[in-house]
Amino acid sequence: MSILLNPRIDKEHTSIFLDDLWCKLRSIELVRVGQIEQQLIESHVLIIVKNGEGRLTIDYTDYRLRQDAVHFALPGQTIGISTEEGERGELYVIRFDVSWDSDSREAFPLQRELPIYQDTQMVMLCELMYRSCRSEHSLERFRGQSAFQELLYWLLKNIRLFPESDQRTALDRTKAYIDSHYNESLTIEFLARMADISPKYYVDLFKKTYGKSAIDYITEVRLNNAKKMMIQSDARLRDIAHQVGYNDEFYFSRKFKKEVGVSPTVYMKNRRRKIVAYTSAILGQMLALNIIPYAAPLHPKWTAYYHKMYRTDIPLHLSAYRFNQDWESNIEALNVAQPDVVICDKDNLHPNEKKQLEKIAPVFYIPWKEKNWREQFQLTAQFLGAAREADYWLDNYEHKVKSARERLNRELGNDTMLIMSIHKKSYYLCPARGMKDVLYDDLQLNMVPRFNDAEYKQAVTLEQLAEMDADRILLNICQEPQSLNQWQLLQTSRLWQDLKAVRRNHVYLISSDPWREYSAYACERIVDDLLKQLFQAV
């Protein structure tokens with residue numbers, strides 16, 4: 001996002017953009033939950049904290065939500081909001097449209113994070129907007145538009161300039177210093193002196209601001225840089241340890257294994273071969289084998305878990321946007337990287353995409369339609385020389401499923417369960433292949449309706465849902481505006497409110513990641529997530 005209005009830009013420059021700018025309020029929500037799943041937005045969004053704290057992700061960038069800053073996001077970006085365990089907060093999510101009087105189309109002239117002076121006026125304006133927009137009277141709703149314009153004016157008038165002594169600026173400076181001097185001896189005392197605060201306050205402030213301790217961040221930066229060095233064929237473990245700030249290579253090895261899960265030697269062996277996992281499902285198969293690819297599709301919305309857990313381990317991030325629609329950019333990136341091999345789903349490629357892939361490297365195709373995930377997993381493992389690891393993993397998975405099945409039978413009894421999704425304005429039963437394999441076949445739950453082996457993803461009406469009368473509902477909502485609006489509308493429906501599962505508070509929201517992915521790793525995560533959803537209060 002281009003930054004047209006920065007706290008350091010003079011007001012005369014700012015007015016050039018504001019004179020032609022028109023903004024119209026679409027909606028305002030008061031979000032009281034602890035987490036908003038990463039979602040695609042189609043309008044401009046303004047996020048204002050009423051109370052509490054949390055973390056905001058806009059596309060690939062993380063921010064700390066706080067009451068002395070507001071955040072803006074653009075149409076086409078993704079946003080997600082989370083809090084630390086046990087924390088709860090309230091925030092306003094304001095959606096609005098932007099237009100210009102002139103022919104030119106500029107970006108909205110506010111940066112993603114705008115520091116402001118705290119004042120009750122901002123929250124009062126938000127509360128007025130919230131009440132007005134929910135009024136039955138058009139005049140009151142018009143008043144909400146007026147309050148929105150007043151809010152934008154107030155924000156522009158109360159931008160907080162960052163002096164050099166500002167604690168956040170000082171803290172950011174120490175974080176940048178860690179990023180570039182990770183190979184040096186770094187102590188809390190040294191970093192606190194750089195920020196001109198006490199060591200104890202520095203420790204508390206760093207954790208509060210960035211969501212992790214300074215020591216953990218130093219370790220993360222060092223190990224991430226070590227991983228990059230391990231890709232080089234001539235890299236020696238002792239040299240890598242010294243170059244990232246560890247004088248003792250044995251301490252480095254122990255630290256690496258504790259944080260990463262495998263020893264540096266095993267990690268280096270796995271990384272020397274430049275393997276491309278061309279889809280998220282292939283990535284899931286490889287990770288179940290403890291093999292991290294050189295390239296894979298990663299995005300904080302479309303592959304949220306993998307992006308969070310493995311983005312620093314995977315050097316080349318391919319586009320994960322909407323089932324690989326950006327295949328041309330992925331081909332271009334792989335052309336530059338020159339990988340050793342590509343593992344790919346053969347059934348969903350564009351004809352030109354297939355030809356271009358085969359020019360870059362040998363391609364191993366996985367039959368997706370005629371093979372189930374276990375067969376696909378074993379084929380992937382055989383190709384990678386990890387057949388024994390696959391057998392071991394499958395054995396552990398069967399033990400986990402058996403234990404989960406026994407617990408579910410014991411605690412759910414004869415309760416019927418239905419799994420559905422909302423996409424745009426439609427409802428679907430069992431919308432993904434992995435859902436059926438895990439819930440129907442592996443866990444053998446009392447599902448409604450019953451499907452034949454090849455059946456899943458059936459459109460259904462709300463009246464048909466009522467006829468099924470399930471005791472429990474697992475609900476997946478596509479994280480895009482039209483589906484989210486349909487979910488809001490559904491909750492006001494009398495038919496929905498009268499469903500047995502709704503009345504008993506037995507509706508469980510499940511995320512697309514992992515429930516829509518079809519891989520060994522995803523199926524295991526589905527089992528874990530189901531138990532967490534059903535029994536988290538037990």
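These figures come from a predicted structure and were not determined experimentally.
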I'd like to check Leu490 versus Ile422 (side-chain heavy atoms, cut-off strictly below 4.5 Å). Are they in contact?
yes
Quiz question: by atom type and distance under 3.5 Å, do the side chains of Thr416 and Asn446 form a donor-acceptor pair?
no
Please find the pair of heavy atoms, one from Ala520 and one from Ala288, that lie closest to each other, and give the distance.
CB-CB, 4.0 Å
Quick one: ring pair (Phe, Tyr, Trp, His ring centres under 6.0 Å) partners of Phe148, sequence neighbours excluded?
Phe96
Go through the side-chain N and O atoms of Gln285 and Ser519 and say whether any donor and acceptor fall under 3.5 Å apart.
no
My understanding is that only residues two or more places apart in sequence, or in another chain, count here; which of them pass side-chain contact (heavy atoms from CB on, under 4.5 Å) with Ala466?
Leu495, Leu499
When rounded to the nearest 0.5 angstrom, what distance separates CD in Glu220 from CZ in Arg222?
13.0 Å
Would you please name every residue forming a side-chain contact (heavy atoms from CB on, under 4.5 Å) with Asn396, sequence neighbours left out?
Tyr392
Nearest 0.5 Å please: distance from the CG atom of Leu289 over to the CD1 atom of Ile292.
12.0 Å
Will you find, in the side chains of Asp326 and Ser319, an N or O donor that is under 3.5 Å from an N or O acceptor?
yes
Is the side chain of Ser483 donor-acceptor paired with the backbone N or O of Gln479 at a distance under 3.5 Å, no angle test?
no
Report, one line per pair, each donor and acceptor closer than 3.5 Å where one atom sits in a side chain of residues 357-371; sequence neighbours left out.
from   : atom 1 : to     : atom 2 : distance (Å)
Glu358 : OE2    : Lys354 : NZ     : 3.0
Glu358 : OE2    : Tyr365 : OH     : 2.7

Glu375 meets the salt bridge (charged side-chain N to carboxylate O under 4.0 Å, His left out) criterion, sequence neighbours left out, with none
Listed by chain and number, what are the side-chain contact (heavy atoms from CB on, under 4.5 Å) partners of Arg504, not counting sequence neighbours?
Asp471, Lys500, His506
Can you name the nearest heavy-atom pair linking Pro293 to Ile275, along with the distance?
CB-O, 3.4 Å
Any side-chain heavy-atom pair from Met420 and Leu465 closer than 4.5 angstrom?
yes
With rounding to the nearest 0.5 Å, note down the distance linking CD1 in Ile58 to CD1 in Ile47.
6.0 Å
Check: Tyr217 ring centroid to Tyr210 ring centroid under 6.0 Å:
no
Would you confirm whether the ring centroid of His71 sits within less than 6.0 angstrom of the ring centroid of Tyr63?
yes
pair Arg95-Ile41: side-chain heavy atoms closer than 4.5 Å:
yes
Hey, could you give me each pair passing side-chain hydrogen bond (donor to acceptor under 3.5 Å, both in side chains) that has a residue in residues 331-340? Not counting sequence neighbours.
none
NZ or CZ of Arg516 within 45° of Tyr305 ring axis and under 6.0 Å:
no
Residues Pro431 and Ile419: closest non-hydrogen pair is CD-O, 4.4 Å
Nearest-0.5 Å distance, CG of residue Leu445 to OH of residue Tyr440
9.5 Å
Who are the side-chain contact (heavy atoms from CB on, under 4.5 Å) partners of Leu30, not counting sequence neighbours?
Arg32, Lys50, Glu90, Tyr92, Tyr130
Does a donor on one side chain sit under 3.5 Å from an acceptor on the other, for Glu517 and Tyr306?
yes
Sole candidate of Asp437, Leu530, Leu531 that passes side-chain contact (heavy atoms from CB on, under 4.5 Å) when paired with Leu443:
Leu530
Does Lys208 have any salt bridge (charged side-chain N to carboxylate O under 4.0 Å, His left out) partners at least two apart in sequence or in another chain, and if so, which?
Glu53
If you round to the nearest 0.5 Å, how far is CG of Leu316 from CG of Leu334?
6.0 Å
What residues, two or more places apart in sequence or in another chain, satisfy ring pair (Phe, Tyr, Trp, His ring centres under 6.0 Å) together with Tyr294?
none
For the residue pair Tyr278 / Glu353, report whether a side-chain donor-acceptor contact shorter than 3.5 Å exists.
yes
Take Tyr60 and His307 through the ring pair (Phe, Tyr, Trp, His ring centres under 6.0 Å) test and state the conclusion after the steps.
CA-CA 9 Å; Tyr60 297 96; His307 180 267; 5.4 Å; yes
Answer whether the closest heavy-atom distance between the side chains of Asp97 and Arg26 falls below 4.5 Å.
yes
List in chain and number order the residues that pass ring pair (Phe, Tyr, Trp, His ring centres under 6.0 Å) with Tyr397, two or more places apart in sequence or in another chain; answer none if no residue qualifies.
Trp373, Trp393
Hey, does the Lys NZ or Arg CZ of Arg410 hover above the aromatic six-ring of Phe535, less than 6.0 Å from the centre and inside 45° of the axis?
no
Taking atom types as modelled and ignoring hydrogens, do the side chains of Asp513 and Thr303 form a donor-acceptor contact shorter than 3.5 angstrom?
no
Can you name the ring pair (Phe, Tyr, Trp, His ring centres under 6.0 Å) partners of His350, sequence neighbours left out?
Trp327
